[in-house]
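So the structure is just underneath, and the comments pick up after that.
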Amino acid sequence: MGGVHVNDLPFHILETVFSYLDIADLHACALVCRAWNAVISSENSYIWKLAFYQKHSEATKTDILSSVPTYKQKVCSWFHTWNPNDCSKNIFIKPNGFVLHRNPVAQSTDGARGKIGFSAGRHCWEVWWKGPLGTVAMVGVSCKEAVMQCHGYMALLGNDDFSWGWNLVDNTLLHGGENLGSYPQLNNAPRYQVGERITVVLDMDDRMLYFEKGHEFLGVAFRDLPAKKKLFPAISAVYGNTEVAMVYLGPPLDG
């Protein structure tokens with residue numbers, strides 16, 4: 001009587017076995033054969049559901065990941081949260097990783113970057129202010145060279161050649177320390193309201209950055225982004241005790 005081959009095991013048994021592995025081992029197992037890849041690639045499988053609830057329990061207590069449809073994507077988004085080692089000393093990253101808190105420090109502008117930067121492909125993430133904006137609230141991207149703290153209240157993101165930002169307070173674009181004009185280019189464009197989710201879309205294949213709000217395309221904000229630089233999700237804020245959330249969504253949905 002012949003033995004049972006591992007690929008003869010039912011789908012749910014393989015799910016249970018794979019659920020004991022870490023992310024790196026899961027990626028390795030997905031390359032072994034098509035059968036294993038099918039189990040591991042299942043977006044809402046028990047593997048990813050368990051990984052999410054075990055490792056990211058803080059995020060389950062809010063609706064912060066409501067825009068992320070599958071458990072695999074939710075786990076992926078956690079790897080793209082704010083970087084506690086790449087932000088102003090006046091910013092505290094909350095335990096869930098998705099929300100930053102700016103401490104009430106006078107005469108300081110403070111920024112933060114995401115953990116992972118991009119030099120190729122198309123990527124999108126949501127950003128929203130959970131508290132007041134103050135006089136300046138910037139959202140955009142930056143290289144590692146861009147500073148994340150400065151004295152006074154200013155548009156830190158976009159103030160140098162290494163960052164590109166949209167000021168949600170007065171609807172202007174900045175890069176290289178220059179005001180590049182109004183955005184979006186609409187008559188009487190509505191001001192940002194606290195809690196509104198802004199989708200940031202970074203297209204490194206065509207080297208451009210644009211934004212969406214409420215599934216509405218707001219137009220291309222920046223073109224000719226550097227081809228050989230990693231660009232990171234970034235914000236800068238000035239208001240004390242304000243909070244900003246970011247959730248990585250993956251490749252943008254066309255159409």
Side-chain angles (χ1 to χ4, degrees), residues 4-87 91-101 112-128 130 141 197-202 204 212 230-235 243-254:
V4 177
H5 192 275
V6 66
N7 285 344
D8 295 328
L9 294 174
F11 189 95
H12 71 278
I13 298 297
L14 287 173
E15 275 190 319
T16 302
V17 172
F18 290 141
S19 69
Y20 287 94
L21 303 181
D22 60 24
I23 301 299
D25 289 335
L26 284 171
H27 282 301
C29 287
L31 300 175
V32 171
C33 63
R34 292 181 180 178
W36 288 16
N37 182 273
V39 176
I40 294 170
S41 298
S42 179
E43 294 278 331
N44 272 317
S45 72
Y46 177 74
I47 302 168
W48 300 111
K49 183 176 182 179
L50 185 65
F52 175 67
Y53 280 102
Q54 283 185 339
K55 299 178 181 180
H56 317 301
S57 58
E58 284 290 330
T60 67
K61 299 174 183 177
T62 70
D63 65 349
I64 200 165
L65 294 177
S66 60
S67 298
V68 185
T70 71
Y71 285 111
K72 186 177 180 181
Q73 287 177 286
K74 291 179 194 292
V75 172
C76 177
S77 68
W78 187 83
F79 289 92
H80 293 263
T81 53
W82 297 118
N83 189 343
N85 299 314
D86 195 10
C87 61
I91 282 179
F92 166 72
I93 308 300
K94 291 196 163 185
N96 64 29
F98 296 101
V99 179
L100 64 79
H101 179 97
R113 272 185 286 262
K115 292 177 180 176
I116 297 178
F118 312 103
S119 58
R122 303 170 69 233
H123 309 268
C124 69
W125 56 93
E126 289 182 329
V127 176
W128 66 100
K130 296 166 69 70
V141 295
R197 296 193 180 207
I198 299 291
T199 302
V200 186
V201 183
L202 176 63
M204 290 303 291
E212 298 175 354
K230 274 191 177 182
L231 298 183
F232 294 76
I235 63 94
E243 296 186 341
V244 186
M246 176 182 69
V247 172
Y248 180 75
L249 301 176
L253 298 176
D254 294 321

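Computation of the quantities below employed the complete heavy-atom set of this structure, encompassing side-chain atoms and omitting hydrogens, waters and symmetry-equivalent molecules.
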- Kindly indicate whether the side chain of Lys74, heavy atoms from C-beta on, has any atom under 4.5 Å from the side chain of Tyr53. no
- Item | Donor-acceptor contact present, side-chain Ser42 to main-chain Val39, <3.5 Å | no
- Message: Please check: side-chain N/O of Asn44 versus main-chain N/O of Thr70, any donor-acceptor pairing under 3.5 Å?
- Response: no
- Query: Would you say the side chain of Ile235 lies within less than 4.5 Å of the side chain of Leu100, judging by non-hydrogen atoms?
  - Reply: yes
- Residues two or more places apart in sequence or in another chain: which of them pass side chain to side chain contact (heavy atoms under 4.5 Å, CB included) with Glu212? Thr199, Val201, Tyr210
- Task: Applying side chain to side chain contact (heavy atoms under 4.5 Å, CB included), name anything that partners Pro251, two or more places apart in sequence or on another chain.
- Result: none
- State which residues pass ring-ring contact (aromatic ring centres under 6.0 Å, His included) with His123; sequence neighbours excluded, sorted by chain then number. Phe118
- Student check: side-chain heavy atoms of Phe98 and Trp78 closer than 4.5 Å: yes
- CG/Asp86 to CD1/Ile93 distance, rounded to the nearest 0.5 angstrom? 9.5 Å
- Message: Using side-chain heavy atoms (C-beta onward) and a distance below 4.5 Å, is Trp125 in contact with Leu202?
- Response: yes
- Message: Could you check whether any side-chain N or O of Trp48 sits under 3.5 Å from a backbone N or O of Ile40, counting only pairs where one atom can act as donor and the other as acceptor?
- Response: yes
- Got a sec, which pairs hit salt bridge (charged side-chain N to carboxylate O under 4.0 Å, His left out) with one end in residues 26-36, sequence neighbours left out? none
- Query: Is NZ or CZ of Lys94 both nearer than 6.0 Å to the six-membered ring centre of Trp82 and within 45° of the ring axis?
  - Reply: no
- Message: How long is the straight-line distance from CD of Glu126 back to OG of Ser77, given to the nearest 0.5 Å?
- Response: 10.5 Å
- Message: Please give me the minimum heavy-atom distance between Pro233 and Met246, naming the atom from each residue.
- Response: CB-SD, 3.4 Å
- Item | Nearest heavy atoms of Ser67 and Pro69, plus distance in Å | O-CD, 3.4 Å
- Item | Contact summary for Lys72 and Ser41, nearest pair of heavy atoms | NZ-CA, 3.8 Å
Side chains of residues 15-22: which donor-acceptor partners sit under 3.5 Å, not counting sequence neighbours?
unit_1: Glu15; atom_1: OE2; unit_2: Tyr46; atom_2: N; d: 3.1
unit_1: Thr16; atom_1: OG1; unit_2: His12; atom_2: O; d: 3.0
unit_1: Ser19; atom_1: OG; unit_2: Thr16; atom_2: O; d: 2.5
unit_1: Asp22; atom_1: OD1; unit_2: Ala24; atom_2: N; d: 3.4
unit_1: Asp22; atom_1: OD1; unit_2: Asp25; atom_2: N; d: 2.9

- Message: So, using side chain to side chain contact (heavy atoms under 4.5 Å, CB included) as the criterion, who are the partners of Lys230 when residues are at least two apart?
- Response: Ser119, Phe232
- Message: So His80 and Ile116, do their side chains get closer than 4.5 Å, heavy atoms only?
- Response: yes
- Message: Which heavy atom of Val99 sits nearest to which heavy atom of Ala245, and what is that distance?
- Response: CG2-CB, 4.0 Å
- Item | Distance (rounded to the nearest 0.5 Å) between Leu50 CG and Tyr71 OH | 11.0 Å
- Item | Heavy-atom side-chain proximity of Val247 to Trp128 below 4.5 angstrom | yes
- Query: To the nearest 0.5 Å, what is the distance between SG (Cys29) and CG (Leu14)?
  - Reply: 10.5 Å
